[in-house]
Amino acid sequence: MEKPGAYIEHARDLEVYKRAYAVSLGVHRATLAFPKMEQYALADQLRRSSKAICANLAEGFAKQTRSKPEFARVISMAIGSCSEVETWISYAFDLEYITQVQRDDWLQSYARIYGMLVNLREKLR
């Protein structure tokens with residue numbers, strides 16, 4: 001968690017960004033082992049939605065000096081990406097591309113990230 005009163009210079013300094021980035025790297029690596037027929041479908045969707053969380057945070061953070069409501073809007077998009085990635089994780093598990101341990105770990109991580117994003121958005125209101 002960020003220290004109260006600490007100046008955050010870049011989106012990558014946000015704890016939620018760090019968590020989302022770390023999990024997205026694991027997701028990316030794991031999806032490289034998906035069957036070839038899934039590389040441009042399920043694997044790609046998982047990679048895109050997991051990375052979109054950090055990308056949205058970076059975009060919104062850069063705009064926050066001009067518009068806090070715009071930052072809140074982009075955080076809402078990141079929340080949507082978080083929900084999307086949870087759906088793709090379920091598909092990957094049900095299709096037996098990831099283990100139950102991976103699924104549970106990722107879902108727990110994204111649930112935490114989701115909560116952090118909601119809290120961040122609320123602080124902007």
Side-chain angles (χ1 to χ4, degrees):
M1 197 69 150
E2 289 81 28
K3 296 177 187 166
Y7 181 71
I8 304 293
E9 204 170 319
H10 304 281
R12 67 179 174 266
D13 298 329
L14 294 167
E15 187 62 32
V16 66
Y17 181 99
K18 292 175 188 177
R19 286 177 185 260
Y21 189 85
V23 179
S24 72
L25 289 176
V27 167
H28 185 97
R29 288 183 186 108
T31 60
L32 295 176
F34 282 20
K36 186 174 181 170
M37 68 180 203
E38 292 290 7
Q39 286 306 311
Y40 298 103
L42 179 58
D44 186 55
Q45 290 288 4
L46 254 168
R47 287 190 293 263
R48 286 174 184 260
S49 57
S50 69
K51 292 173 187 171
I53 297 166
C54 291
N56 284 323
L57 281 170
E59 177 185 349
F61 192 87
K63 293 178 178 180
Q64 76 169 333
T65 56
R66 289 173 288 169
S67 174
K68 296 244 185 264
E70 176 65 10
F71 189 22
R73 185 187 70 76
V74 177
I75 290 171
S76 292
M77 292 171 56
I79 290 168
S81 294
C82 199
S83 293
E84 180 183 350
V85 76
E86 290 173 338
T87 300
W88 298 125
I89 289 168
S90 295
Y91 275 110
F93 175 74
D94 290 342
L95 292 167
E96 300 179 355
Y97 299 149
I98 61 173
T99 66
Q100 183 170 350
V101 171
Q102 278 178 305
R103 182 199 66 184
D104 294 347
D105 182 49
W106 289 352
L107 290 177
Q108 182 179 16
S109 293
Y110 282 109
R112 174 82 171 122
I113 290 163
Y114 184 97
M116 293 173 79
L117 290 167
V118 168
N119 289 339
L120 180 58
R121 183 181 60 189
E122 291 305 312
K123 286 180 182 178
L124 294 170
R125 292 186 173 166

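The residues of the chain are indexed from 1 along the displayed sequence. Side chains are part of it too, since the values below use all heavy atoms of this structure and drop only hydrogens, waters and symmetry mates.
Taking every heavy atom of both residues into account, Tyr91 and Leu42 meet most closely at CB-CD1, 4.0 Å.
Contacts of Ala58 classified as side chain to side chain contact (heavy atoms under 4.5 Å, CB included), with partners at least two apart in sequence or in another chain: Ala11. Under the side chain to side chain contact (heavy atoms under 4.5 Å, CB included) criterion, Glu96 pairs with no residue at all, not counting sequence neighbours. With sequence neighbours excluded, the residues that form a side chain to side chain donor-acceptor pair (under 3.5 Å) with Glu59 are Lys63. Asp105 is linked by a side chain to side chain donor-acceptor pair (under 3.5 Å) to nothing, counting only residues two or more places apart in sequence or in another chain. Looking at residues two or more places apart in sequence or on another chain, you find a salt bridge (Lys or Arg N to Asp or Glu O under 4.0 Å) between Asp44 and Arg48. Under the side chain to side chain contact (heavy atoms under 4.5 Å, CB included) criterion, Arg12 pairs with His10, Tyr17, not counting sequence neighbours. By the side chain to side chain contact (heavy atoms under 4.5 Å, CB included) test, Lys18 pairs with Glu15, sequence neighbours left out. Remark: Glu84 engages Trp88 in a side chain to side chain donor-acceptor pair (under 3.5 Å) (not counting sequence neighbours).
In this structure, the separation between CG on Leu46 and OG on Ser24 is 11.0 Å, given to the nearest 0.5 Å. The distance from atom CZ of Phe34 to atom CD of Gln39, rounded to the nearest 0.5 Å, is 8.0 Å. Note: Gln108 CD to Ile113 CD1 = 11.0 Å, rounded to the nearest 0.5 Å. For the atom pair CD1 (Ile89) and CG (Asp94), the distance works out to 12.0 Å, reported to the nearest 0.5 Å. Distance check: Cys82 SG to Ile53 CD1 gives 4.5 Å after rounding to the nearest 0.5 Å.
Within the structure, ring-ring contact (aromatic ring centres under 6.0 Å, His included) contacts touching residues 103-125 (residues at least two apart or in different chains) do not occur. Residue pairs meeting the side chain to side chain donor-acceptor pair (under 3.5 Å) criterion with at least one partner in residues 27-38, sequence neighbours excluded, are His28-Lys51, Thr31-Arg47, Glu38-Tyr97.
Residues Leu117 and Leu57 form a side-chain contact, since some pair of their non-hydrogen atoms from C-beta on lies under 4.5 Å apart.
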Would Ser81 and Asn56 satisfy side chain to side chain contact (heavy atoms under 4.5 Å, CB included), going step by step from the backbone distance to the final call?
CA-CA 9 Å; Ser81 294; Asn56 284 323; 3.8 Å; yes
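For Tyr21, the OH atom counts as loosely surrounded, since its 6.0 Å shell holds 12 or fewer non-hydrogen atoms of other residues, nucleotides or ligands.
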Run the side-chain donor-acceptor check on residues 69-79: report pairs under 3.5 Å with partners two or more places apart or on a different chain.
| unit_1 | atom_1 | unit_2 | atom_2 | d |
| --- | --- | --- | --- | --- |
| Glu70 | OE1 | Arg73 | NE | 3.0 |
| Glu70 | OE2 | Arg73 | NH2 | 2.7 |
| Ser76 | OG | Ala72 | O | 3.2 |
| Ser76 | OG | Arg121 | NH1 | 3.0 |

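Both Leu95 and Met37 belong to a common hydrophobic cluster when Ile, Leu, Val, Met, Phe, Trp and Tyr are linked at side-chain heavy-atom distances under 4.5 angstrom.
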